[in-house]
Amino acid sequence: MKAKVHVTLKNGVLDPQGKAIETALDHLGFSGVAGVRVGKYIEVDLQGADKKSAQEAVSQMCEKLLANTVVEKYAVEIAE
């Protein structure tokens, strides 16, 4: 079973990497970009877990390691 985790900054948190990309895109001629937010994507392979326990385990992983929940939010998708 595979878990897909998307971690992004919470609304209102400054995103200097996203701002740098936005500026670079503008310099490259992509003037229609109104904003860029940067996050990360993590895949976790799980063995022997049902979907519910996998969701709970990965959520705990996010709370303890994968996301800084002070400034980041996360979404977990369990794929079978």
Side-chain angles (χ1 to χ4, degrees):
M1 186 170 300
K2 183 171 289 195
K4 300 177 180 179
V5 181
H6 296 269
V7 180
T8 55
L9 290 170
K10 290 181 178 177
N11 293 335
V13 175
L14 294 178
D15 183 358
Q17 188 177 10
K19 189 65 178 170
I21 291 170
E22 180 183 338
T23 301
L25 288 172
D26 185 58
H27 289 286
L28 292 171
F30 297 101
S31 59
V33 177
V36 175
R37 301 286 283 176
V38 174
K40 57 188 169 186
Y41 170 72
I42 303 164
E43 286 187 357
V44 180
D45 288 322
L46 301 162
Q47 296 179 344
D50 63 76
K51 194 169 185 174
K52 183 180 177 183
S53 61
Q55 177 80 34
E56 291 174 6
V58 175
S59 292
Q60 289 178 7
M61 292 175 198
C62 290
E63 293 288 331
K64 293 182 178 179
L65 178 68
L66 302 178
N68 177 352
T69 57
V70 174
V71 294
E72 296 175 326
K73 58 186 176 183
Y74 61 88
V76 177
E77 175 188 343
I78 304 295
E80 295 184 46

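Atoms considered below: every heavy atom in the structure, side chains included; atoms not considered: hydrogens, waters and symmetry mates. For clarity, every value in this text was computed on a predicted model and none was experimentally measured.
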Phe30: partners by ring-ring contact (aromatic ring centres under 6.0 Å, His included), with sequence neighbours left out: none
Pair up each side-chain donor or acceptor in residues 21-28 with any protein partner under 3.5 Å, not counting sequence neighbours, and list the distances.
from  : atom 1 : to    : atom 2 : distance (Å)
Thr23 : OG1    : Lys19 : O      : 3.0

Members besides Leu46 in its Ile/Leu/Val/Met/Phe/Trp/Tyr cluster (side-chain heavy atoms under 4.5 Å): Met1, Val5, Val7, Ile42, Val44, Val58, Met61, Leu65, Leu66, Tyr74, Val76, Ile78
All side-chain hydrogen bond (donor to acceptor under 3.5 Å, both in side chains) counterparts of Asp50, not counting sequence neighbours: Ser53
Heavy-atom pair with the smallest gap, counting every atom of Thr69 and Glu63: CG2-OE1, 3.7 Å
Side-chain cluster (under 4.5 Å, hydrophobic types only) that Val71 belongs to, other residues: Leu9, Val13, Val70
Qualifying side chain to side chain donor-acceptor pair (under 3.5 Å) pairs, either residue in residues 2-16, two or more places apart: Lys2-Glu43
